[in-house]
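Worksheet for the structure shown next.
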Amino acid sequence: MSDIIRLLPDSVANQIAAGEVIQRPASVVKELVENSIDAGAMSVSIILKDAGRTLIQVVDNGSGMSATDARLAFERHSTSKITDAADLFSLHTMGFRGEALASICAVSQVELITMQKGESLGTKLVISGSKVELQEPCASTPGSNMSVRNLFFNVPARRKFLKKDSVELSNIVHEFERLALVNPDHDFELIHNETLIHKLLRGSLKQRIGQLFGKTVERQLIPIEVDTPIVKINGFIGLPENARKRNALQYFFVNGRNMRHPYFHKAVMSCYEQLIAADAQPNYFLSFTVDPSTIDVNIHPTKNEIKFENEQSIWQILGAAVRESLGKFNAVPSIEFDIEDSPEIPVFNPDAGASHGLDIDENYNPFAVQSKSTSVRSSSINDVLRQTSSDWEKLYEGFSKESSVGHFPDDTGIVRGSSLNHADDSEFRLADNQPSTLDIDDSFQQTNDVMQLKGRYIVSPAKSGLMVIDQHRAHVLILFEKYLAGMKNGSCGSQKVIFPEVIRLSASQNVLLDSMIDSVAQLGFELSFLGDNSWAINGVPSLMGKLNAVDTLMKLIENVADGGDVDQDDINRHVALSMAKASAIQHGKVLSTAEMESLMSELFSLPAPSYTPDGLTVVSIISVDEIANRF
């Protein structure tokens, strides 16, 4: 038999590795910028074309490379950071495994121009698909200029899975924000299709936050700082009153590296309990400084997930530090009394002015023999009481007979009406030892064919058993179809607002909204750009009703940012669903018989009445067999 195991060519191995390290253009930006920071650059420029598909260029003023280093840098596992495994636990730099450049050049066309400081001549290197095509001396400035063109040009299957330019650009901007936050002492510049998106000057972390997210966010932050032998934590947290229901700005850094850590996130959230709404999220920008030997960053290809040796201790320190800052800056609500101009309330003295100004007969004795007038008055009162008692007795006349004929409770305490005519009432009468009144469940609205349960469900008999309808979801589905049809027919129109609302976005969100501005305009939104990533909402779709325009637009942007499409049909569906959820009858609303029947009639006239557009069950059938099994 012949041997079947063989070594993969380096080009194929690099393409496989690229699938882990290089997932999208934002991954290339991350790796190249981190290399520039490691090279000592204090100024980094990022130039993009077509959201990185056509070009990703990173220019820095770092230390540069020699001709030999430039060539070796693209070999797999070539590194200047480690010589043995022990070095993995004493790292202070970003890249160290030598995978990034090898992976990038395996799936793109790379051009590198670099020169070391103090040299008069640099090196130009051209690589396409891991194959070196050119290396020659060239004139250059100190630092490196790396151009990555036509990403995934030789891996069509990977290229076709890239999202639209607006989505990929949003991912790049978000990655840029993380890199800029963790390096506030560096200058950064981001240009896309010859349009300047960000130009950041070095400064403090708080200044960098203001440059990226606006002065409003900067003013809403309170500092946090704690220094222990285990960890040093500094940064900023948001005031509880500025917590967001969506798009909260939440960043963790450790030793100058971005990270995701759900456990530490939970520690921060626990400090805001009872201070913010259950569905709100606070902003935070927290930096951890620990001994590199106590963390392991080598557990994920992108190194965004980090393992801590003293995780439990850091959790407790973090929670205590956040609570201390919230208390120190009066973020925890307290009761304050304003005593200025308050009325003067005298001290109570029980012996002074006990009569309170009333004319009191001190000789009155309630146990003395009543006078004739008093007896007459008492007799009149007794007559009134007897008359009232007689009226109540009339109210209950015949109650026992009616309750024992035609109405009987089941084992759930639900009373149903009966239309049967019985020759003998005796078998339907209650036993003598049972109460004369029935415990009727007020949550049921009793009718002949349909009833309402708990102000939430509509219950009706069906051929195969008992049909239960969620009234809110049913109305959502009905309104969704109505709104969607109006949008397709162009009958939604636009309604001017008296006082325009302002929606403030991050840079990445602004890029997405700008790319879909024509689509939202067709829905009836009238927007005008105010600068600084802010838009004025001058008009809203006429079908929106009381729906919040800012929330609707933010949900649209989130849908696109999460990988959704920007096609008009998808936007129409999303807006129609948002408006339907906001306008539909809510749980707890008591419906009349006519309203329930009308709702069911509209629901079952739809082509697919069983599920809402987002996949939630509207109608459920409890079969006769399932009911029988309960007995």
To the nearest 0.5 Å, what is the distance between OG on Ser103 and CD on Gln23?
11.5 Å
List the steps, then state whether side-chain contact (heavy atoms from CB on, under 4.5 Å) holds for Leu181 with Phe213.
CA-CA 11 Å; Leu181 284 171; Phe213 307 113; 4.0 Å; yes
In short, Gly52 meets Pro25 closest at the heavy-atom pair CA-CB, 4.2 Å
Would you please classify the geometry between the His186 ring and the Phe188 ring as parallel, tilted or perpendicular, with 30° and 60° separating the classes?
tilted
Would you mind reporting whether His265 and Gln281 have side-chain heavy atoms less than 4.5 Å apart?
yes
Kindly compute the distance separating CD1 (Ile56) from NZ (Lys49), expressed to the nearest 0.5 Å.
13.0 Å
I'd like to know if the side chain of Asn283 pairs up with that of Gln250 as donor and acceptor (distance under 3.5 Å, no hydrogens or angles considered).
no
Within a strict 4.5 Å, meaning less than it, do heavy atoms of the Val148 and Leu32 side chains meet?
yes
Minimum-distance pair of heavy atoms, taken over all atoms of Arg323 and Cys271:
CG-SG, 3.7 Å
Let me see the working for Glu34 and Lys30 under salt bridge (charged side-chain N to carboxylate O under 4.0 Å, His left out), right down to the final yes or no.
CA-CA 6 Å; Glu34 287 183 345; Lys30 172 184 180 295; 3.3 Å; yes
Can you list the steps and then say if Leu55 with Leu48 is a side-chain contact (heavy atoms from CB on, under 4.5 Å)?
CA-CA 5 Å; Leu55 173 67; Leu48 307 171; over 6 Å; no
When you measure from the side chain of Gln586 to the backbone N and O of Ala584, does any donor-acceptor pair fall under 3.5 Å?
yes
Looking only at side-chain N and O atoms, does Ser36 offer a donor or acceptor that is under 3.5 Å from a partner on Asp60?
yes
Heavy-atom closest pair, residues Ala180 and Leu200:
CB-CD1, 3.6 Å
Nearest heavy-atom approach of Ile104 to Val110 is CG2-CG2, 4.1 Å
Quick one: pull up CD1 in Ile113 and CE in Met146 and give me the separation to the nearest 0.5 Å.
11.0 Å
Scan side-chain atoms only and decide if Thr289 and Asn255 contain a donor-acceptor pair under the 3.5 Å cut-off.
no
Give a yes or no on whether the backbone of Phe252 and the side-chain of Arg260 come within a donor-acceptor separation of less than 3.5 Å.
no
Checking salt bridge (charged side-chain N to carboxylate O under 4.0 Å, His left out) for the pair Glu225/Lys232: CA distance, chi angles, key distance, verdict?
CA-CA 8 Å; Glu225 186 169 359; Lys232 179 180 179 181; 5.1 Å; no
Please step through side-chain contact (heavy atoms from CB on, under 4.5 Å) for the pair Leu553 and Leu527, ending with a clear verdict.
CA-CA 11 Å; Leu553 280 174; Leu527 306 178; 3.9 Å; yes
How far apart are the C-alpha atoms of Asn538 and Ser528, what are their side-chain angles, what is the distance that settles it, and do they pass the side chain to side chain donor-acceptor pair (under 3.5 Å) test?
CA-CA 7 Å; Asn538 303 313; Ser528 58; 3.2 Å; yes
Whether the side chain of Asn242 engages the backbone of Gly238 through a donor-acceptor N/O pair (distance < 3.5 Å, no angle test) should be reported.
no
With distance as the sole test, does Ser63 use its side chain to make a donor-acceptor pair with the main-chain N or O of Ala39 at under 3.5 Å?
yes
Should Phe161 and Phe152 be marked as a ring-ring contact (aromatic ring centres under 6.0 Å, His included) after you check the CA-CA gap, both sets of side-chain angles, and the distance that decides it?
CA-CA 10 Å; Phe161 280 105; Phe152 300 127; over 10 Å; no
Is there a donor-acceptor pair closer than 3.5 Å between any side-chain N or O of Ser325 and the backbone N or O of Val322?
no
To the nearest 0.5 Å, what is the distance between CD1 on Ile295 and CD on Glu309?
10.5 Å
CG-NZ distance between Leu169 and Lys163, expressed to the nearest 0.5 angstrom:
15.5 Å
Less than 4.5 Å apart, side chain to side chain, heavy atoms only: is that true for Phe176 and Ile46?
yes
Could you check whether the rings of Phe285 and Tyr251 sit parallel, tilted or perpendicular, using 30° and 60° as the cut-offs?
parallel
Is it the case that Glu311 and His261 place a side-chain donor and acceptor less than 3.5 Å from each other?
yes
With a 3.5 Å cut-off and no angle check, do the side chains of Asn193 and Thr195 form a donor-acceptor pair?
no
What heavy-atom pair brings Val550 and Glu501 nearest, and what distance separates the two atoms?
CG2-OE1, 3.7 Å
Regarding Glu189 and Ser45, is there a side-chain donor-to-acceptor distance under 3.5 Å anywhere?
yes
A side-chain contact here means heavy atoms from C-beta on lying under 4.5 Å apart; do Leu318 and Leu286 qualify?
yes
Gap separating the CG atom of Asp279 from the CZ atom of Arg244, nearest 0.5 angstrom
14.5 Å
Give the intermediate values and the outcome of side-chain contact (heavy atoms from CB on, under 4.5 Å) for residues Leu326 and Ile222.
CA-CA 8 Å; Leu326 289 174; Ile222 57 178; 4.0 Å; yes
Do Arg53 and Leu162 come within less than 4.5 Å of each other through their side chains, counting heavy atoms only?
yes
One pair to check against side chain to side chain donor-acceptor pair (under 3.5 Å): Gln509 and Asn533. What are the steps and the verdict?
CA-CA 8 Å; Gln509 293 170 339; Asn533 299 330; over 6 Å; no
Tell me whether the count of non-hydrogen atoms from other residues, nucleotides or ligands lying under 6.0 Å of OH in Tyr263 goes above 12.
yes
Are the side chain of Thr114 and the backbone of Gly64 linked by a donor-acceptor contact shorter than 3.5 Å?
no
Test item: Leu221 and Tyr284 side chains (from C-beta on) under 4.5 Å apart, heavy atoms:
no
Do Val29 and Val58 have side chains that get closer than 4.5 Å, going by heavy atoms?
no
Considering the options Phe253, Trp315, Phe308, which one meets the ring pair (Phe, Tyr, Trp, His ring centres under 6.0 Å) requirement together with Phe264?
Phe308
Does any non-hydrogen side-chain atom of Pro500 lie less than 4.5 Å from one of Ile537?
no
For the CD atom on Gln312, are there more than 12 heavy atoms of other groups (residues, nucleotides or ligands in this structure) within a distance under 6.0 Å?
yes
Check whether any side-chain N or O of Asp185 sits under 3.5 Å from a backbone N or O of Arg202 as a donor-acceptor pair, and report yes or no.
no
So, Arg208 side chain and Leu201 main chain: donor-acceptor pair closer than 3.5 Å or not?
yes
Can you tell me if Asn61 uses its side chain to pair, donor with acceptor, with the backbone of Met42 under 3.5 Å?
yes
With no hydrogens and no angle check, is any side-chain donor or acceptor of Gln316 less than 3.5 Å from a backbone partner on Ser313?
no
Taking every heavy atom of Gly122 against every heavy atom of Ser140, the minimum-distance pair comes out as CA-CB, 4.5 Å
